[in-house]
Number of protein chains: 2
Amino acid sequence: MPETQFAVASAAAPPLASLTRPARLPARSRVVGENFTLLFEGGRNRSLFRVLDGCIVLSQLLDDGRRQITDVLGPGRLFGFTIDGRNIATAETLSIARIEALGDAELLANNSAIAGELKTTLHRLQAHATLLGRKTASEKVASALVELSRIFSHSGRNGNPARLSFHLHLTRADLADWLGLTVETVSRCLNRFKREGLIDFSHPKTMRLLDPERLEAAAGFTRQRLAGSGRPPS
Amino acid sequence: MPETQFAVASAAAPPLASLTRPARLPARSRVVGENFTLLFEGGRNRSLFRVLDGCIVLSQLLDDGRRQITDVLGPGRLFGFTIDGRNIATAETLSIARIEALGDAELLANNSAIAGELKTTLHRLQAHATLLGRKTASEKVASALVELSRIFSHSGRNGNPARLSFHLHLTRADLADWLGLTVETVSRCLNRFKREGLIDFSHPKTMRLLDPERLEAAAGFTRQRLAGSGRPPS
DNA sequence: AAACTGCGTTGACAGCTGTCAACCCTCCTC
DNA sequence: GAGGAGGGTTGACAGCTGTCAACGCAGTTT
């Protein structure tokens, strides 16, 4: 495997973003290797987990093996939600990842925060459903690049400059499973964007956005905010 | 319009719910007409709502008008979740519907119930993402029929017999927007299922499942439960 | 009764994306 | 260094599904 951005770091000290709780890590924090399945859909689980570092994806399988990645999680996101004690989704690492289990006390204390996370996830999943159902292959790949840059760029102090370059944790196959495409289509789109000067990559996973604005346009915006307010029925 | 299950009620008074508060319903309950947009994505809203009767869909729009229905709600489901006071999704009625606003007191009292509803919705949305990204047109339509029969069949005392016949609240266009297809493809699939004896409908919205088992098979199951338990990382 | 509208169905055709295959490259093992 | 495995790219081709168009039908209006 090509060294991930954690390879060196995890050898020495905590890598990038030893954020959240750099020193004295809580006892429940844990480092997990690449391509490791943390939770199985339908499996029993009594904890919530927070991503401290790295990349984790949630997925679902059809009986014949078709896979759909439903969300890509970066630092800060929570996962491990259950219904009747059973995991809603399969969770696997795409990089060396650091995660933290949330204890019951924390759960209760952060109850509204957890509801907020649930709503955020709901919102993301809705947007992704729109992508899956109503966007073309090009729009899907462009959307993915914009989204992943937001999740995994080391948000530079100014915001913009650092956003241009980031590590694509997903393989072409992962991207395909996320976007409802095939590896070939993903590859073709990426290389077309490269030829057109929208993006650049030497290593397949080292991505740089050369023209974020055109890329966002190519992503086919979802309307972010409606100008008018809603019409509450009461 | 063909009579919905509410047609009688609406015949007495003006068809499209001018009725707001028919008989002695709880103060916050309300009847809304067909094809009425209750909430706009991005609009302000301070209440949660519960569907008491009828059919409500959540949707999202792209700038050019492409629409994606992200969930279909029947009796019992909650909607109106917000992030920063802004609606996550657009909500519109597909039938005359009865809804109920949940007050703050109820909200606090039902906090865990609400988290449960959020998780249920998350689960449904995930399954739908898998449908959108990884199922064929036939599988999508078959899945939709099975799903809608579960939501809208008047759950007979025995369960099964009543499940066979139900009112399809969605038009072909709604189905298309839900499944990420076109009306033509939806229509072709439905009529093929009809020719093959899987379903039957005289009126386009009066659906009957003649062979639920074959239909479920045609839907391409998502693996419901994993035998083994998950592997919690702590 | 005629015309109109919305919705649904059906056919012909096109094209986007999937399928199949070959090949390249890097990394790893032996 | 040879060989193998995994991931990525590219080309040829096919087919599923979208596009475009015509038509039917029911309900409503004029």
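What you see is a predicted model; the values in this text were computed from it and never measured. These values consider heavy atoms only, across backbone and side chains, with no hydrogens, waters or symmetry-generated copies.
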Student: Strictly under 4.0 angstrom, non-hydrogen atoms only: write out the protein contact profile of nucleotides 9-21 of chain C, one letter per nucleotide from the 5' end, B, S or -.
Tutor: BBBB----SSBBB
Student: What heavy-atom pair brings B:Leu170 and B:Cys55 nearest, and what distance separates the two atoms?
Tutor: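 Heavy-atom minimum between the residues: CD1-SG, 4.3 Å.
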Student: May I ask you to check whether A:Phe79 and A:Phe49 place their ring centers less than 6.0 Å from one another?
Tutor: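 Aromatic pair counts; centres sit under 6.0 Å.
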Student: Minimum heavy-atom separation for A:Ser153 and A:Ser149, please, with both atom names.
Tutor: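 Here A:Ser153 and A:Ser149 meet closest at OG-O, 2.6 Å.
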Student: Let me know the distance between CG of B:Leu94 and P of C:dC7, rounded to the nearest Å.
Tutor: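 For the pair B:Leu94 CG and C:dC7 P, the rounded distance is 11 Å.
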Student: Rounded to whole angstroms, how far apart are CD1 on B:Ile199 and P on C:dG8?
Tutor: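 The answer, rounded to whole Å, is 13 Å.
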Student: Thinking salt bridges, do A:Arg214 and A:Glu196 make one under a 4.0 Å N-O criterion?
Tutor: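 Salt bridge flag = no for A:Glu196 with A:Arg214.
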Student: For A:Arg134, is there an ion pair with B:Asp177 - N to carboxylate O distance below 4.0 angstrom?
Tutor: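 Yes.
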Student: I'd like to know whether B:Asp174 forms a salt bridge (charged side-chain N to carboxylate O under 4.0 Å, His left out) with B:Arg67, so could you lay out the CA-CA distance, the side-chain angles of the two residues, the decisive distance to 0.1 Å, and finally the verdict.
Tutor: CA-CA 9 Å; B:Asp174 292 327; B:Arg67 181 171 79 141; 2.5 Å; yes
Student: Separation of B:His203 atom NE2 from C:dG6 atom P, in whole Å?
Tutor: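 Distance check: B:His203 NE2 to C:dG6 P gives 17 Å.
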Student: For the pair made of CG in B:Leu170 and C1' in C:dG8, what is the distance, rounded to whole Å?
Tutor: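 It is 15 Å, rounded to the nearest whole Å.
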